[in-house]
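Below is one structure, written out as structure tokens; the observations come after it.
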2 protein chains.
Amino acid sequence: MPYHHGDLRRAVLDATDEAVRENGVAALSLRDLARRAGVSHAAPAHHFGDKTGLLTAFAAEGHTLLSAELERADGDLIEAGVGYLRFALTHPAHFEVMFQDALLRDGDAELEAARARSAALLAATEVSGPTGASAAWSLVHGFATLWLTGSLPATLPPEAAADPYAAFRAAARHLKP
Amino acid sequence: MPYHHGDLRRAVLDATDEAVRENGVAALSLRDLARRAGVSHAAPAHHFGDKTGLLTAFAAEGHTLLSAELERADGDLIEAGVGYLRFALTHPAHFEVMFQDALLRDGDAELEAARARSAALLAATEVSGPTGASAAWSLVHGFATLWLTGSLPATLPPEAAADPYAAFRAAARHLKP
DNA sequence: CCCGAATCTTGTCAACGACTAGATTCTCGC
DNA sequence: GCGAGAATCTAGTCGTTGACAAGATTCGGG
């Protein structure tokens, strides 16, 4: 075991993803992340300052991943929604952390920049006016949140609960064009 | 100071509401709640077992409060949405806890019953089919979540950001009847 | 009035986040 | 290729927390 890890920062972020998927942010522990990465209990703090710093970096990474999905939609409203949902379902840990402001460092430059990029991509989708944008964003975000908690699948017939993307497209069709 | 508090269970639930509004669930501490209620550090645990038990009871209370709002709508879709939003905005602490399954005791009878009541009231709103119900629920839930984090008001002109209920009605109009 | 049950206190333990001081390794100028 | 300073990591410590155990106080029914 070398004294230097190689890329501890990345390893801790990956361990965070794993741990949050397993037990949620509430149960996240810096010392557990250190154990997963095979380093001493204080090593993660060197890269992130404190727990808030780690979650802030993790949230920024989330916005970058979300931006990548939104770019694939190329301005199309429904596809942007599908991309948003795909991000939430494939990166539930990031999605869980990103929208909990109490966990994040207010005013962090890296996070603000990543947020601005994803917000700009959301704003670039073709939609009818500001209230239409609110409606569309609320619909996807709510759908993703409720799907992840299992609340939404529970209300659907089994065949619909098996395919979140089809269920979302069906729900999105209720929005006026 | 009497040895018996009178209604410590209620006092702890009220202190929870206060503390979560101030600093979020992540920073919630049973010992802080005990201090707020003026009792010893282990007193709250007697009524709720552990932290998970407290949050489970708190979430159940949330579903009861939500049910009260939904009843006022009397089956009307838009009014049910407004009631859902009003619940979220007037009880942000409950709303924050209710949908984080990792914080709650799985299979708790009281919580399940309260959930079933609010779910039944949601299902009683007049809406076009299961996909329409998904769309409507997703829209309100997402709107409430994004409004509480401040993400949604940030995208609106100041006059719209001042009145969440008007902004919601405007967004809800984008749903096909 | 008394006895069991409910409620609350005090004491304790392991785990955690944050901090400090020091050890090891890397890097870059020369 | 080497030495100095920076970057990275370890080891140790402190105050706080959640959970648990044992005991004190109060309540309420028979």
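It should be emphasised that the depicted structure is a prediction, and the values quoted were computed from it without experimental measurement. Within every chain, numbering begins at 1; the chains are lettered A, B, ... in the order of the sequence lines, protein sequences first and strands thereafter.
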key: Sequence-distant partners of B/Arg35, salt bridge (charged side-chain N to carboxylate O under 4.0 Å, His left out), two or more places apart   = none
request  = Quick one: list whatever passes salt bridge (charged side-chain N to carboxylate O under 4.0 Å, His left out) with A/Asp50, sequence neighbours left out.
outcome  = A/Arg105
query = If you check the B/Leu8 side chain, which of D/dT10, D/dC9, C/dC8 turns out closest?
reply = C/dC8
remark   = For A/Leu77, the side chain to side chain contact (heavy atoms under 4.5 Å, CB included) test, sequence neighbours excluded, returns A/Thr125, A/Val127, A/Ala136
inquiry  = Going by salt bridge (charged side-chain N to carboxylate O under 4.0 Å, His left out), name the pairs with one or both residues in residues 16-30 of chain A, residues two or more places apart or in two chains.
reply    = A/Asp17-A/Arg21, A/Glu18-A/Arg36, A/Glu22-A/Arg36
task = Mind checking side chain to side chain contact (heavy atoms under 4.5 Å, CB included) for A/Arg173 and listing every partner two or more places apart, or none if nothing turns up?
result = A/Arg169, A/Ala170
message = Holding to side chain to side chain contact (heavy atoms under 4.5 Å, CB included), I want the full list of residues that pass it with B/Ser67, two or more places apart in sequence or in another chain.
response = B/Arg117, B/Ser118, B/Leu121
ask   = With A/Glu61, which residues qualify under salt bridge (charged side-chain N to carboxylate O under 4.0 Å, His left out), at least two apart?
value = A/Arg10
task = For DNA chain C, determine which residues of residues 41-48 of chain A have any heavy atom closer than 4.0 angstrom to one of its atoms, and list them numerically.
result = A/His41, A/Ala42
key: Atom-pair distance (NZ on A/Lys51; P on C/dG17), nearest Å   = 5 Å
note = From the list A/Leu146, A/Thr149, A/Leu152, side chain to side chain contact (heavy atoms under 4.5 Å, CB included) with B/His141 holds only for A/Leu146
ask   = Got a sec? Which of residues 97-107 of chain B come in under 4.0 Å of DNA chain C, heavy atoms?
value = none
key: Residue list, salt bridge (charged side-chain N to carboxylate O under 4.0 Å, His left out) with B/Asp101, at least two apart or on another chain   = B/Arg115
ask   = Apart from B/Leu33 itself, what residues make up its hydrophobic cluster when side-chain heavy atoms of I, L, V, M, F, W and Y under 4.5 Å apart count as a link, directly or indirectly?
value = B/Leu8, B/Val12, B/Leu13, B/Val20, B/Val25, B/Leu28, B/Leu30, B/Val39, B/Phe48, B/Leu54, B/Leu55, B/Phe58, B/Val97, B/Leu103, B/Leu104, B/Leu111
ask   = Using a heavy-atom distance cut-off of less than 4.0 Å, which residues of residues 28-36 of chain B contact DNA chain D?
value = B/Leu28, B/Ser29, B/Leu30, B/Arg31, B/Arg35
